[in-house]
Colleague: 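Before I ask anything, let me first share the structure, which is written out below as structure tokens.
What you see below is based on every heavy atom in this structure, not just the backbone, and it leaves out hydrogens, waters and symmetry mates.
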Protein chains: 2
Amino acid sequence: MPPADSPFQSPQQRSKARAAKREAVLRAAVQMFNERGFHQTSLDDVAASLGISKPTIYHYLGNKDQVLLECVTIGLSQLLEAAEQARQTDGNGAQRLRLFLTRYAQVNMDDFGRCVVRTGAEALGPDSRAQFQALKRKIDSAMRELIEEGVADGSLAPTNTKLLGFALAGALNWPGRWHDPQGELPPARIAEELVTMLAQGFLPR
Amino acid sequence: MPPADSPFQSPQQRSKARAAKREAVLRAAVQMFNERGFHQTSLDDVAASLGISKPTIYHYLGNKDQVLLECVTIGLSQLLEAAEQARQTDGNGAQRLRLFLTRYAQVNMDDFGRCVVRTGAEALGPDSRAQFQALKRKIDSAMRELIEEGVADGSLAPTNTKLLGFALAGALNWPGRWHDPQGELPPARIAEELVTMLAQGFLPR
DNA sequence: ACTATTGTTTACTCACGAGTAGATTGCCTT
DNA sequence: AAGGCAATCTACTCGTGAGTAAACAATAGT
């Protein structure tokens with residue numbers, strides 16, 4: 001094995017470095033997209049913020065569409081992962097749903113999750129858009145499954161599953177629009193409280 | 001008084017016709033914005049959909065920013081009007097809040113309301129953006145007032161007013177994203193059911 | 001009839017930003 | 001040593017779409 005501080009990189013190191021650069025580009029891009037909006041952000045801007053030039057971005061990611069698609073895909077996989085976790089937890093339907101929702105809300109306050117919320121499908125080209133929407137549908141149906149399990153086991157009030165899904169998604173997506181990372185309440189707390197409100201309803205019990 | 005079908009218009013008729021054309025432009029614009037997104041819609045497209053040319057739009061509305069600003073302003077005034085109505089109704093806080101929320105949801109399924117939901121503040125220039133955000137804040141505080149009245153009179157469960165406001169706004173804005181006017185359930189019904197869910201919570205009572 | 005005003009068009013300008021060509025450098029393999 | 005590949009740059013092209021200039025038409029007021 002070569003010395004750890006050798007200036008010559010092993011193949012693994014090289015490909016890791018490459019992946020790290022790709023991710024750095026995505027991070028920089030997603031932050032700018034969230035701040036100024038996708039259309040107000042040029043790839044020149046993103047490049048400049050990393051001290052590189054635009055063609056370098058094209059070297060790692062094919063085009064602007066691709067950049068956005070990767071950003072939202074990351075966000076969406078975090079949401080899917082949340083669904084996966086909830087699915088594997090045991091407890092009744094209501095408990096599992098709450099677990100999912102809490103994590104869901106938190107993701108939406110994170111860079112990539114925020115990007116998912118703020119990105120309209122129209123911003124993407126036809127192919128990317130299709131992928132984007134397919135993933136979103138997947139999350140939707142995961143949520144609906146959890147709801148239906150809860151209704152089935154009696155831990156949730158019986159309702160129109162689809163509508164409840166939309167209501168919950170809306171309420172918990174919205175933080176992606178208003179949440180300020182500098183705010184005093186930590187995201188985890190916000191998530192908890194939001195979910196509790198949705199669980200209890202605003203009428204007194 | 002001149003004959004009703006005279007080809008010569010009175011001043012009132014003229015200014016009314018002018019206003020009608022202005023509105024027609026806004027309607028056409030907002031529909032296209034909602035469908036394809038603001039940045040994917042050129043004013044040439046909007047003009048073409050009305051069988052006119054772009055400079056005509058500039059004749060009625062100063063620039064693209066202005067067009068969007070007027071669209072969202074219309075939507076926002078409908079929301080404000082809803083708040084006004086609720087404020088003037090009598091009943092306890094919960095009842096008034098529900099009235100407001102139901103109307104709020106309905107507006108968000110309408111052309112101009114949808115535009116409000118779908119438009120990120122970044123799309124607007126600095127001045128318009130400031131106006132836009134000021135109006136939104138006004139709605140927010142109207143909602144919070146209603147919530148606080150309800151908490152005060154005991155018809156609502158005590159909570160973090162701000163968070164509850166955001167949760168409700170999110171849940172009821174979201175239809176602006178997913179609602180399909182061709183759907184079987186009429187907007188009024190959707191609004192009712194959503195509000196009921198939020199009132200009751202998803203846990204059984 | 002003459003002039004001003006309003007509405008509308010055609011035919012432009014101009015900036016911006018996505019995407020590319022091609023050169024350059026340096027490491028990695030044989 | 002030589003050729004190849006990876007990473008990066010500078011310096012372009014080129015389409016699109018916002019916004020405008022200037023002309024033309026119709027109507028209104030005098």
Colleague: Can you measure Q66(A) atom CD to dG19(C) atom P for me and round it to whole angstrom units?
Modeller: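 Taking CD of Q66(A) and P of dG19(C), I get 11 Å after rounding.
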
Colleague: How do H39(A) and G62(A) order along DNA chain C: which one's closest nucleotide is nearer the 5' end?
Modeller: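 First, find each residue's nearest nucleotide; the 5'-ward one identifies H39(A).
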
Colleague: Does a side-chain N-to-carboxylate-O contact under 4.0 Å join D90(A) and R96(A)?
Modeller: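 A salt bridge is absent here (no side-chain N lies under 4.0 Å from a carboxylate O).
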
Colleague: Look at all strands and tell whether K21(B) reaches a base, only sugar-phosphate, or nothing, counting heavy atoms closer than 4.0 Å.
Modeller: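 Sugar-phosphate, backbone atoms only, no base.
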
Colleague: Identify whether any heavy atom of S42(A) sits under 4.0 Å from a base atom; if not, whether one sits that close to sugar-phosphate; answer base, sugar-phosphate or nothing.
Modeller: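 Sugar-phosphate only.
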
Colleague: Could you state the OH-P distance from Y58(A) to dT13(D), rounded to the nearest angstrom?
Modeller: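 One finds 17 Å between P of dT13(D) and OH of Y58(A), rounded.
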
Colleague: In terms of relative ring orientation, are F166(B) and W178(A) parallel, tilted or perpendicular, with 30° and 60° separating the classes?
Modeller: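 Answer is parallel, since the angle falls under 30°.
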
Colleague: Take the protein atom CD1 of I57(A) and the nucleotide atom P of dA7(D), then report the distance between them rounded to whole Å.
Modeller: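 Distance check: I57(A) CD1 to dA7(D) P gives 15 Å.
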
Colleague: Would you say a side-chain N or O of R18(B) is under 4.0 Å from OP1 or OP2 of dG7(C)?
Modeller: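 Yes, because at least one side-chain N or O of R18(B) sits under 4.0 Å from OP1 or OP2 of dG7(C).
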
Colleague: Using whole Å, what does the distance between atom C1' of nucleotide dG19(D) and atom CG of D44(B) come to?
Modeller: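 Going from D44(B) (CG) to dG19(D) (C1'), I get 11 Å.
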
Colleague: Can you tell me the distance, in whole Å, between the NE2 atom of H59(B) and the P atom of dT5(C)?
Modeller: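 Going from H59(B) (NE2) to dT5(C) (P), I get 14 Å.
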
Colleague: Less than 3.5 Å between a donor and an acceptor, one on the side chain of K54(A) and one on the base of dG19(C), is that the case here?
Modeller: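 When only heavy-atom distances are counted, K54(A) does reach the base of dG19(C) through a donor-acceptor pair under 3.5 Å.
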
Colleague: Both Q40(A) and P55(A) contact DNA chain C. Taking the nearest nucleotide for each, which residue is further toward the 5' end?
Modeller: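 The 5'-side residue here is Q40(A).
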
Colleague: For A121(B), give me all partners under side chain to side chain contact (heavy atoms under 4.5 Å, CB included), at least two apart in sequence or on another chain.
Modeller: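 Per chain and number, A121(B) pairs via side chain to side chain contact (heavy atoms under 4.5 Å, CB included) with R129(B), F132(B), Q133(B).
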
Colleague: Over how many whole Å does the gap from R22(A) atom CZ to dT8(D) atom P extend?
Modeller: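 Rounded to the whole Å, the gap is 14 Å.
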
Colleague: Check whether any side-chain nitrogen or oxygen of S53(A) sits under 4.0 Å from OP1 or OP2 of dC9(D), and answer yes or no.
Modeller: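 Answer yes for this pair, as a side-chain N or O of S53(A) is under 4.0 Å from OP1 or OP2.
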
Colleague: Could you check whether T56(A) gets within reach of a base, just the sugar-phosphate, or nothing at all, counting any heavy atom under 4.0 Å?
Modeller: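 If one applies the 4.0 Å heavy-atom cut-off, T56(A) turns out to touch the sugar-phosphate alone, with no base involved.
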
Colleague: Under 3.5 Å, is there a donor-acceptor pair between the D111(B) and Q31(B) side chains?
Modeller: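 Indeed, the side chains of D111(B) and Q31(B) share at least one donor-acceptor pair under 3.5 Å.
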
Colleague: Side chains of T196(A) and R98(A): is there a donor and an acceptor less than 3.5 Å apart?
Modeller: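 Yes.
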
Colleague: Over how many whole Å does the gap from Y60(A) atom OH to dA6(D) atom P extend?
Modeller: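 Distance, rounded to whole Å: 11 Å.
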
Colleague: Calculate the interatomic distance between L43(A) atom CG and dG19(C) atom P; express it in whole Å.
Modeller: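 Spelled out: CG on L43(A) to P on dG19(C) is 7 Å.
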
